[in-house]
Amino acid sequence: MPQIERITLFKIPNEEDIPKVLEQFKILGRDATKDGKPYIINAAVGQSFPDARNQGWNVSVKTAFASLDDMKFYDQECEAHKALKAVVLPLKQDIMTTYFESIL
């Protein structure tokens with residue numbers, strides 16, 4: 001079944017802040033629910049390996065949702081995502097997000 005894949009990249013300028021960012025994603029993975037049930041199909045989060053191709057993006061996040069509506073819920077209504085943003089956004093230099101419907 002097609003699903004929505006989302007990739008988010010962060011530039012976290014202070015290396016010491018990266019563990020805080022990763023911990024917030026662990027909390028998100030535990031607490032993100034919609035109608036009392038988990039709704040993120042799959043998530044992968046980690047510090048990017050050093051590589052010139054990264055262009056400074058040093059935290060990578062990949063999430064999968066059953067529908068575009070679930071991803072919109074994540075962006076606009078999910079309390080766990082709001083809590084994550086409250087901690088992570090002040091630590092970031094930049095953020096980039098893209099999403100697509102997987103053909104595989």
Side-chain angles (χ1 to χ4, degrees):
M1 178 183 326
Q3 60 190 32
I4 303 300
E5 301 284 346
R6 174 178 167 133
I7 298 167
T8 303
L9 302 174
F10 293 89
K11 288 183 182 179
I12 307 296
N14 295 322
E15 193 82 12
E16 312 82 51
D17 290 333
I18 292 175
K20 294 178 210 169
V21 171
L22 298 177
E23 183 61 28
Q24 289 305 305
F25 276 100
K26 287 181 186 177
I27 294 167
L28 173 82
R30 181 191 69 212
D31 294 350
T33 59
K34 180 180 179 185
D35 301 324
K37 294 179 267 187
Y39 70 98
I40 298 172
I41 294 173
N42 191 23
V45 181
Q47 184 171 357
S48 305
F49 286 107
D51 188 303
R53 296 172 291 181
N54 288 349
Q55 299 179 18
W57 302 102
N58 55 5
V59 174
S60 300
V61 182
K62 182 175 178 268
T63 47
F65 302 90
S67 68
L68 196 53
D69 285 340
D70 280 355
M71 193 195 74
K72 288 179 182 177
F73 174 85
Y74 177 75
D75 275 337
Q76 300 166 6
E77 299 178 51
C78 178
E79 292 302 321
H81 191 217
K82 289 177 186 177
L84 176 135
K85 290 191 285 189
V87 173
V88 173
L89 292 184
L91 303 176
K92 62 116 176 112
Q93 174 186 344
D94 203 358
I95 185 172
M96 178 175 54
T97 299
T98 186
Y99 55 95
F100 57 96
E101 185 174 80
S102 178
I103 61 168
L104 301 178

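- The two residues D70 and Y39 have their closest heavy-atom pair at O-CE1, 3.6 Å.
- Under the 4.5 Å side-chain heavy-atom criterion for Ile, Leu, Val, Met, Phe, Trp and Tyr, M96 and I7 are members of the same hydrophobic cluster.
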Test log, rule side-chain contact (heavy atoms from CB on, under 4.5 Å), inputs I27 and L84: CA-CA 8 Å; I27 294 167; L84 176 135; over 6 Å; no
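- Residues I41 and V45 are members of separate hydrophobic clusters, defined by side-chain heavy-atom contacts under 4.5 angstrom among Ile, Leu, Val, Met, Phe, Trp and Tyr.
- Using cut-offs of 30° and 60° for the angle between ring planes, the F65 and Y74 rings count as tilted.
- Here the closest heavy-atom approach between residue P13 and residue K92 is recorded as CD-C, 4.2 Å.
- For the residue pair V59 and S48, the shortest heavy atom distance occurs at N-OG, 3.7 Å.
- Across all their heavy atoms, K62 and E5 have their closest contact at NZ-OE1, 3.1 Å.
- The shortest distance between side-chain heavy atoms of D75 and R6 falls below 4.5 Å.
- Criterion: ILVMFWY side-chain heavy atoms under 4.5 Å apart, direct or through other members. Under it, F100 and L9 are part of a common hydrophobic cluster.
- Within a 6.0 Å radius of NZ in K82, more than 12 heavy atoms belonging to other residues, nucleotides or ligands are found.
- Rounding to the nearest 0.5 Å places NZ of K11 at 7.0 Å from CD of Q55.
- Heavy-atom minimum distance, K85 versus P90: O-CD, 3.7 Å.
- Contact detail for Q24 and V88: the closest heavy-atom pair is CB-CG2, 4.0 Å.
- With rounding to the nearest 0.5 Å, the separation of CE in M71 from CD in Q3 is 13.0 Å.
- Distance check, rounded to the nearest 0.5 Å: CH2 of W57 to CD1 of I95 gives 8.0 Å.
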Take L68 and Y99 through the test side-chain contact (heavy atoms from CB on, under 4.5 Å) and record every step on the way to the result. CA-CA 9 Å; L68 196 53; Y99 55 95; 3.8 Å; yes
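- Rounded to the nearest 0.5 Å, atoms CG (D94) and CD1 (I12) are 10.0 Å apart.
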Counting only pairs under 3.5 Å, give me each side-chain donor-acceptor contact of residues 14-23, with atom names and distances, residues two or more places apart or in other chains.
unit_1, atom_1, unit_2, atom_2, d
E15, OE2, Q47, NE2, 2.9
D17, OD1, K20, NZ, 3.0

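- Transitive grouping of hydrophobic side chains (ILVMFWY, heavy atoms separated by less than 4.5 Å) brings I4 and L28 into a common cluster.
- Residue F25 places its CZ atom among more than 12 non-hydrogen atoms of other residues, nucleotides or ligands, all under 6.0 Å distant.
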